[in-house]
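Keep in mind the model is a prediction, meaning the values are calculated, not measured. Chain identifiers are assigned alphabetically (A, B, ...) following the order of the sequence lines, protein sequences preceding nucleic acid strands; residue numbering begins at 1 within each chain.
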4 protein chains.
Amino acid sequence: MNKTKTKKARRKRAAPVSAKPGRTEKSVARREAILAAALEEFAARGFEGARLDDVARRAGVAKGTIYLHFRDKETLFQELIRSTLTPIVAMIEAAGKTDMPLRAVFDHLAGAFVREVLGTQRKDIVRLILSEARRFPKLAEYYYREVPERAFAAVRGLVRKAIDRGEIVDDTLFWFPQLIIAPALVAVVWDGLFDKYEKLDAEAMLRAHFNLVFNAIERRPS
Amino acid sequence: MNKTKTKKARRKRAAPVSAKPGRTEKSVARREAILAAALEEFAARGFEGARLDDVARRAGVAKGTIYLHFRDKETLFQELIRSTLTPIVAMIEAAGKTDMPLRAVFDHLAGAFVREVLGTQRKDIVRLILSEARRFPKLAEYYYREVPERAFAAVRGLVRKAIDRGEIVDDTLFWFPQLIIAPALVAVVWDGLFDKYEKLDAEAMLRAHFNLVFNAIERRPS
Amino acid sequence: MNKTKTKKARRKRAAPVSAKPGRTEKSVARREAILAAALEEFAARGFEGARLDDVARRAGVAKGTIYLHFRDKETLFQELIRSTLTPIVAMIEAAGKTDMPLRAVFDHLAGAFVREVLGTQRKDIVRLILSEARRFPKLAEYYYREVPERAFAAVRGLVRKAIDRGEIVDDTLFWFPQLIIAPALVAVVWDGLFDKYEKLDAEAMLRAHFNLVFNAIERRPS
Amino acid sequence: MNKTKTKKARRKRAAPVSAKPGRTEKSVARREAILAAALEEFAARGFEGARLDDVARRAGVAKGTIYLHFRDKETLFQELIRSTLTPIVAMIEAAGKTDMPLRAVFDHLAGAFVREVLGTQRKDIVRLILSEARRFPKLAEYYYREVPERAFAAVRGLVRKAIDRGEIVDDTLFWFPQLIIAPALVAVVWDGLFDKYEKLDAEAMLRAHFNLVFNAIERRPS
DNA sequence: CATGAATGAGAATTCATTCAT
DNA sequence: CATGAATGAATTCTCATTCAT
């Protein structure tokens with residue numbers, strides 16, 4: 001008689017909607033406070049390690065309040081990732097539509113990355129994705145669709161245009177757009193793990209990388 | 001921050017010595033079995049998510065036996081990382097002492113990386129470090145001293161020799177040795193998160209990267 | 001992204017077997033202690049109202065120990081019902097196979113019921129079934145198959161034989177075997193709810209009921 | 001026993017008066033809506049299992065509104081039972097005052113029971129009393145005074161009159177009036193637990209029961 | 001009166017760690 | 001050395017009740 005069920009599947013009708021509930025300023029503010037607190041805690045301890053108790057305390061709300069805004073811990077985590085990603089995705093989309101020279105676009109994106117990601121808590125979100133997405137396949141797919149897939153499609157478009165315009169003579173970046181962002185990944189990881197042992201000037205590294213790459217692929221004046 | 005570190009300080013009396021205990025064959029075999037099982041479980045669920053119960057079951061030993069070989073869960077985790085790292089460190093040391101042309105050394109290391117890391121469970125160890133090391137500063141430092149510090153020192157030595165020999169004309173890699181391994185990091189991350197959505201030919205990517213880099217820095221025959 | 005799932009479905013591999021785990025005397029004794037404590041608590045507060053904390057305390061074990069023997073609260077509840085029912089089912093089966101006069105069989109069963117059910121904690125189990133089975137359809141079906149279905153089949157067999165033998169001249173009990181046990185149900189309910197306000201001599205009531213019934217259906221010597 | 005009654009005594013300040021509040025039509029309607037919703041929820045999940053959230057939703061009021069009409073969950077429960085019982089008590093009182101033949105009275109009551117209880121949600125109230133009254137001694141006593149005590153007094157009066165009039169020759173029902181309603185109890189229980197496995201024609205069963213009983217006790221024309 | 005967001009005391013369940021056998 | 005039953009602190013999630021609007 002039901003020996004093998006995995007879990008109780010406790011009651012839970014009429015889901016707490018998860019997304020934006022009330023509309024009051026207070027309500028929105030609380031939601032933001034919870035997300036901010038969650039970012040700190042998840043970043044510091046990972047998904048499993050973070051305690052909702054601490055999130056609540058840090059957000060200045062009662063434990064139960066979290067559940068008025070997010071169905072459960074996992075939902076809170078995913079909403080956190082999502083809401084942080086949205087503006088980044090917008091930035092990527094915008095970058096793909098420009099007609100500036102390739103090098104200029106990358107320089108601009110590198111600056112934005114250093115300023116808007118590395119320089120803010122958004123880098124923690126990136127780290128969280130690196131650390132946890134594997135255990136949340138839905139999240140991994142969402143992230144894949146929103147970020148690398150779009151970003152690489154944009155890069156490919158830009159590279160093709162640059163070739164067509166004669167700016168560059170090599171299509172390596174078309175086939176491996178990963179190569180252009182690889183140092184950014186290094187920067188995030190380094191910042192999280194080794195910064196206290198050795199500083200890394202991420203912006204300089206990114207610039208050096210672009211120099212190498214464009215030195216290799218730019219049309220050289222004979 | 002880090003206000004409420006209640007957790008990690010539970011009971012912990014008379015520590016069972018931790019390191020390599022007896023010398024019996026059986027004992028050593030058990031230790032290996034536990035480490036192998038731990039790798040699987042930690043890789044699949046992360047440090048917090050893994051259960052020693054599952055490690056024991058997978059290793060075919062009783063739960064208590066784990067404690068005969070490792071002081072606690074954290075020690076098991078760190079020993080796992082350490083023991084996996086040892087041969088990699090040796091490889092790095094060896095690579096730094098060669099006199100082969102720089103390009104040849106990197107090609108060789110890339111092959112070794114694809115074969116010995118990406119193609120084995122060692123990639124899971126790398127991922128675990130990326131994911132968890134932040135919460136284990138001791139581990140992060142150990143890893144930093146053993147791997148990137150040594151590896152980058154080796155790279156710097158090789159680069160200097162290559163410049164001295166006139167093989168290359170650019171010292172970017174001396175200042176940012178990270179740039180040469182960045183795509184390897186991408187490969188590990190991609191493999192863990194996105195492989196099911198889009199395959200990535202890591203070896204081809206690494207080769208393409210070297211082509212770009214060396215095209216940029218090699219002395220060009222006038 | 002998975003907005004509508006009902007519950008976390010937390011990990012739970014390799015079910016804790018639920019039934020008899022170890023084989024030690026101690027283990028069996030603990031299991032019994034837990035079941036006994038559970039009976040008290042469930043009987044006093046119902047399924048939802050009972051707290052496993054109290055069950056553990058009453059059984060003299062730690063909270064976690066309960067989970068070594070029973071997958072969860074529901075399983076504990078159902079095993080409790082089941083293990084109590086088993087001997088009752090056996091009794092019913094035996095009663096159906098006799099060749100005694102119908103009246104004698106019922107007299108015997110009534111005695112057994114008063115002695116073995118009303119006079120023991122088994123009456124609490126009956127009450128629990130009345131109270132809770134509706135919320136555990138699996139349990140309700142199990143109970144139905146084991147008790148009323150068998151019991152009424154037995155009654156019908158006995159009634160038919162009694163008619164064939166000319167003991168009784170009426171087949172009402174064949175069509176409504178419920179009528180013969182109805183007062184027993186009243187006795188259980190009364191005992192639970194009203195005994196403190198007015199005592200009910202259950203045995204006398206059952207006897208009076210049989211007198212009525214047999215007075216109505218027995219072949220009357222013209 | 002009952003060592004650890006921690007539960008039922010949480011906060012409870014400035015009680016909101018409990019009983020019938022305002023007099024507005026709206027107010028009365030709301031109260032009725034809440035009671036109706038409460039019946040559904042308590043019947044489906046029991047006292048502990050029912051959630052006031054669901055009651056409020058079903059009644060179309062806010063959660064706080066319940067507390068404007070009922071002091072707390074327990075009060076709501078008891079008022080529900082009480083208000084449902086009132087008309088039943090009236091029916092019993094009326095039945096006790098008739099001068100119809102005993103058999104006719106019972107036939108009439110059986111019809112009323114099938115129509116007004118079994119055929120309506122009132123049967124759920126009966127079930128709730130069977131299930132929960134034990135945990136609410138006040139409720140049990142109230143119910144005892146209002147229903148069985150009165151009903152059995154009425155039955156005894158009717159029986160005595162029937163004997164005096166020479167309708168029946170046996171006083172069993174005087175001593176055990178429970179015997180006359182026992183099948184009704186069976187009908188309620190069966191309906192709740194086993195109806196899906198086997199239908200029970202309650203009315204036919206009650207009639208068959210009366211036939212048996214009156215066949216046994218009616219003065220037989222010599 | 002009505003609302004429903006907020007609260008926080010629980011309650012079920014998990015799992016690292018211990019220890020008697 | 002090995003075992004695995006037992007422990008109990010910790011953690012997530014629930015829901016009766018309150019109270020500011």
Under the side-chain hydrogen bond (donor to acceptor under 3.5 Å, both in side chains) test, residues paired with B:R82 that sit two or more places apart: none
Most 5' of C:G64 and A:A50 on DNA chain F, judged by nearest nucleotide: C:G64
Rounded distance (Å) that lies between atom P of E:dT13 and atom CD1 of C:I34: 14 Å
Atom pair distance, as rounded to whole Å: CZ in B:R51 and P in E:dC15: 4 Å
Out of F:dT12, F:dA6, F:dT3, whichever nucleotide has its closest atom nearest the side chain of C:L68: F:dA6
Interatomic distance where CG belongs to C:D72 and P belongs to E:dT14 [whole Å]: 8 Å
base_contact_polar (F:dT17 base, D:K73 side chain, donor-acceptor, <3.5 Å): no
Touch class at under 4.0 angstrom, heavy-atom based, for C:A56 against every strand present: nothing
Trace of the salt bridge (charged side-chain N to carboxylate O under 4.0 Å, His left out) decision for C:E41 with C:R58: CA-CA 9 Å; C:E41 294 294 328; C:R58 191 189 282 273; 2.9 Å; yes
Any donor-acceptor N/O pair under 3.5 Å between E:dT3 base and D:K63 side chain: no
Bracket string, DNA chain F, 5' to 3' - pairs by Watson-Crick or G-U geometry under 3.5 Å, | interstrand: .||||||||||||||||||||
Close side-chain approach of A:R134 to B:R127, heavy-atom, < 4.5 Å: yes
Minimum side-chain heavy-atom gap A:Y142-A:Q78 below 4.5 Å: no
4.5 Å side-chain heavy-atom contact, B:F42 and B:K73: yes
N/O (side chain, A:R31) to phosphate O (OP1/OP2, E:dA6) under 4.0 Å: no
C:T65 side chain near F:dT7 phosphate (N/O to OP1/OP2, under 4.0 Å): yes
5′-ward residue of the pair C:D53/A:G60 relative to DNA chain E: A:G60
Gap between atoms CD and P, on B:E41 and E:dA16 respectively (whole Å): 11 Å
Candidates D:L35, D:I34, D:V61, D:L76 - the one meeting side chain to side chain contact (heavy atoms under 4.5 Å, CB included) with D:H69: D:I34
Min side-chain heavy-atom separation A:F136-A:F47 under 4.5 Å: yes
Spacing between B:L76 atom CG and E:dT17 atom C1', to the nearest angstrom: 14 Å
Under 4.0 angstrom between C:H69 side-chain N/O and F:dA6 OP1 or OP2: yes
Atom-pair distance (OH on D:Y67; C1' on F:dA20), nearest Å: 17 Å
Distance test, side-chain N/O of C:R30 to OP1/OP2 of F:dA5, below 4.0 Å: no
Partner residues of A:R135 under the side-chain hydrogen bond (donor to acceptor under 3.5 Å, both in side chains) criterion, sequence neighbours left out: A:E132
d(CZ, D:F70; C1', F:dA16) in whole Å: 16 Å
Whole-Å distance separating the CD1 atom of A:I66 from the P atom of E:dT7: 10 Å
